[in-house]
Amino acid sequence: MGKLDGRTALITGAARGQGRSHALTLAAEGANVVAVDLCADLATIPYPLATPDDLAETKAQVEALGVACHTVQGDVRDTDAIEAVVADAVDRFGSLDIAVANAGVCGFAKFWELDDAAWDEMIGVDLTGVFKTMRAAVRPMLQQGRGRIVATSSMGGRMGNPNLAHYVAAKWGVIGLVKTLALEAASSGITVNAVCPATVDTAMVHNDALYGLFCPDLDAPTRDQVEPAYAAMSPMGVPWVAPEDISKAVLYLVSDDARYVSGTTIDVSTAASAGMP
C-alpha cells in the first residue's frame, strides 16, 4: 500500500529535473500523474528547456511504476490551457487530489539591465503560471472537500540575490500566494504549502550561461570547475542537492502525514536558512 494509492497528482514542469523527480516519487506511492510541460524554449531564458522527448521519458518512467501517466504539452501562462488540463484530469481519473505547481525558469542580469521582455517572461512563468495552476486546481478541490497544493518557490524567495531580481520577485510572490490561499481554503480540507530549494542538480543550474556567471574569469568553465563556487554558497559546503531531496519534502506535504501543515514553507537549504530571520 502506497501513501497516495488511488489519488491523482497534477505536476507542472514535469518533463525533467525536479518535476520528473516529483512525478516519480508520487507515482511510487501509488498516485496517477498528469504531467504538464511547455516543451519549448523561451526567448529570454539562456539555456535549452525540456523537449517532447523528455516528457515522453517521464511518462515511460512513471508508467513503469504501475500507475497511469497522462502527459500534456501546455503553457502554464495560458489560462484556457491549464484549466482544460485540470478539467480533463478530473474527467479522466475522477478527482484531482494533488497539484504541484513546479514549472519554472531562471535567467539573470543586473537589476538596471533587465529589459521588459526578460521581466515579463520570468514573472509570467514563475509567478503568474503558478497562480493560474493553483487557481485552476483549487476549484475541483473545493468541490471535493479535500486537496493538497504545493508550489515550488526557492531560497531565492527568502532572500535577495544579485543578478536575479525578476526571479527573486517571482519566488517571493509564490510564497505570498501560498499563504493567502492556505488561509482562504483552510476550512475546506485543502492544504497549501511551498518548498524552497537550495541549488538543485538540474539543467537550470548546469548550463553554460550560469557557469559563466559564477566563474567569469574562466573560458567555458566545466561542471567540475564551477563546483567550488556553488559549494561556497552553502553552509554545509554542498554545491547542489539532488532533485529527489526536494521530492521527499513534496511527498511529505501531499501525504496524510502533513494533514495539519498548511501555509508554510519547507526550506531544503543546506542550512542557508539558519542565517535568516
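Since the model is a prediction, treat every value here as computed from it, not as a measurement.
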Could you grab the distance from atom [atom1] of [X] to atom [atom2] of [Y], nearest 0.5 Å is fine?
| X | Y | atom1 | atom2 | answer |
| --- | --- | --- | --- | --- |
| Glu227 | Cys215 | CD | SG | 11.0 Å |
| Asp41 | Thr51 | CG | OG1 | 9.5 Å |
| Leu177 | Met134 | CG | CE | 5.5 Å |
| Thr152 | Gln18 | OG1 | CD | 5.5 Å |
| Ile11 | Thr71 | CD1 | OG1 | 12.5 Å |
| Phe108 | Leu114 | CZ | CG | 11.0 Å |

So, does [X] use its side chain to make a donor-acceptor pair with the main chain of [Y] at under 3.5 Å?
| X | Y | value |
| --- | --- | --- |
| Tyr47 | Val105 | no |
| Ser153 | Val195 | no |
| Glu244 | Ser21 | no |
| Asn161 | Leu164 | no |
| Asp5 | Gly2 | yes |
| Asp115 | Ala118 | yes |
| Lys132 | Arg77 | yes |
| Ser234 | Met236 | yes |
| Glu29 | Lys3 | yes |
| Asn32 | Val67 | no |

Any side-chain heavy atom of [X] within less than 4.5 Å of one from [Y]?
| X | Y | result |
| --- | --- | --- |
| Pro243 | Thr202 | yes |
| Thr270 | Thr199 | no |
| His22 | Val150 | no |
| Val138 | Ile149 | yes |
| Met204 | Leu210 | no |
| Arg135 | Glu83 | yes |
| Lys248 | Thr25 | no |
| Thr128 | Ile123 | yes |

Taking every non-hydrogen atom, the tightest pair across [X] and [Y]:
| X | Y | answer |
| --- | --- | --- |
| Ala258 | Thr191 | O-CG2, 4.3 Å |
| Ala249 | Ile266 | CB-CG2, 4.0 Å |
| Ala31 | Ala9 | CB-CB, 4.4 Å |
| Asp78 | Asp80 | OD1-N, 3.1 Å |
| Val130 | Ala103 | CG2-O, 4.5 Å |

Just grab all the ring pair (Phe, Tyr, Trp, His ring centres under 6.0 Å) pairs involving residues 187-229, residues at least two apart or on different chains.
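Residue pairs with at least one partner in residues 187-229: His206-Tyr211, His206-Trp240, Phe214-Tyr230.
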Could you point out which residue of Arg146, Arg148, Arg7 forms a side chain to side chain donor-acceptor pair (under 3.5 Å) with Asp97?
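Exactly one option meets the side chain to side chain donor-acceptor pair (under 3.5 Å) with Asp97, and it is Arg146.
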If Ile, Leu, Val, Met, Phe, Trp and Tyr residues are connected whenever their side-chain heavy atoms lie under 4.5 Å apart, and connections chain through other members, are [X] and [Y] in the same group?
| X | Y | answer |
| --- | --- | --- |
| Leu26 | Ile246 | yes |
| Met233 | Tyr167 | yes |
| Leu142 | Leu181 | yes |

Is it the case that over 12 heavy atoms from other parts of the model lie below 6.0 angstrom from the CG atom of Asp208?
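No, CG of Asp208 has 12 or fewer neighbouring heavy atoms, counting only those of other groups under 6.0 Å.
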Residues in salt bridge (charged side-chain N to carboxylate O under 4.0 Å, His left out) with Asp126, at least two apart?
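Asp126: no salt bridge (charged side-chain N to carboxylate O under 4.0 Å, His left out) contacts found.
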So, Glu121 and Thr44: side-chain donor and acceptor under 3.5 Å apart, yes or no?
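There is such a pair between these side chains.
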Going by side chain to side chain contact (heavy atoms under 4.5 Å, CB included), Leu253 matches just one of Ile98, Val261, Val192. Which one?
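Only one of Ile98, Val261, Val192 forms a side chain to side chain contact (heavy atoms under 4.5 Å, CB included) with Leu253, namely Val261.
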Note: Arg223-Asp201 ion pair, threshold 4.0 Å (strictly below):
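Salt bridge flag = yes for Asp201 with Arg223.
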For residues 55-62, please give each side-chain donor-acceptor pair under 3.5 Å, one per line with the distance, not counting sequence neighbours.
residue : atom : partner : partner atom : Å
Glu57   : OE2  : Gln61   : NE2          : 2.8
Thr58   : OG1  : Ala14   : O            : 2.9
Thr58   : OG1  : Ala15   : O            : 3.0
Thr58   : OG1  : Arg20   : NE           : 2.9
Thr58   : OG1  : Asp54   : O            : 3.4
Lys59   : NZ   : Glu63   : OE2          : 2.8
Lys59   : NZ   : Cys69   : O            : 2.5

